Every structure is written in C-alpha cells, then in structure tokens.
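To start, the structure under review is shown below, and the notes come after it.
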Amino acid sequence: MDSLPPAGINREPKPGWKPYVYLASGLGFSSTVRELVLPKMVAALEEAGVGVFEPFTDNNEGAKNAQEQSAYWAYRIGQADVEAVRRCD
C-alpha cells in the first residue's frame, strides 16, 4: 500500500504522473492463476503507464488461506481493500 498515493488528494495529470488502478478480480483465488496470469496482467498495465494495486499481492496479509489467518482476518482484508480503492484513481 505504500506505493499508492495518499487518500483524499485530487491528483492532476502532469509530467511523470500515472494513474493508479485497483485490479479487482477473482483470479487471485487460484494459486495457479495468481502465479501465472496476474503477473502478466499487471505487467501489461504497467507497460501502458498505469500504477497497479493488485490486492492478492499488495495487501500485505501474507497468509493466502483461511487456515493461516488470525482472528478477524476477513475484516482486516476488507478494510485494507477499501482503503486501497480510495487511494487509487
């Protein structure tokens, strides 16, 4: 999340500016697709000049399944995702 712009700032395009997108998809739920497809999608968007927040990679939760999560994991992930959407363009 550190790579995202701060929330609540009206960002105006200027030299060097790039929009940030929240890449919402169900693809990250599959470990195979998460490893093989999502990186290619992110790379293509970045090549087009877009900053990408991909929640399965960028939300810093670490654990990738419910058994590895601590209490209230779904709430924390949801709140992190809401914050990321607010900070994207």
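Worth saying up front: this structure is predicted, and the values here are computed from it rather than measured.
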Which heavy atom in [X] sits nearest to a heavy atom in [Y], and how many Å separate them?
X     : Y     : value
Asp58 : Val52 : OD2-O, 3.7 Å
Asp81 : Pro55 : OD1-CB, 3.6 Å
Gly49 : Pro19 : O-CD, 3.7 Å
Phe56 : Arg34 : CB-CD, 4.0 Å

When hydrophobic residues are tied together by side-chain contacts of less than 4.5 Å, even through go-betweens, does Leu38 share a cluster with Phe29?
->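 Looking at the clustering, Phe29 is in a separate group from Leu38.
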In terms of hydrophobic clustering (I, L, V, M, F, W, Y; side-chain heavy atoms under 4.5 Å; direct or indirect links), are Val21 and Val85 co-clustered?
->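 Unlinked, Val21 and Val85 end up in two clusters.
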Those residues that, when tested against Tyr20, pass side-chain contact (heavy atoms from CB on, under 4.5 Å) (two or more places apart) =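 Partners of Tyr20 by the side-chain contact (heavy atoms from CB on, under 4.5 Å) criterion, ordered by chain and then number, come out as Leu4, Pro5, Arg11, Lys18, Cys88, Asp89.
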With sequence neighbours excluded, give me every side chain to side chain donor-acceptor pair (under 3.5 Å) pair touching residues 40-55.
->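 Matches after skipping sequence neighbours: Glu54-Thr57.
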Measure up the Tyr22 and Phe53 rings against each other and bin them: parallel (under 30°), tilted (30 to 60°), perpendicular (over 60°).
->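 Correct class here is parallel.
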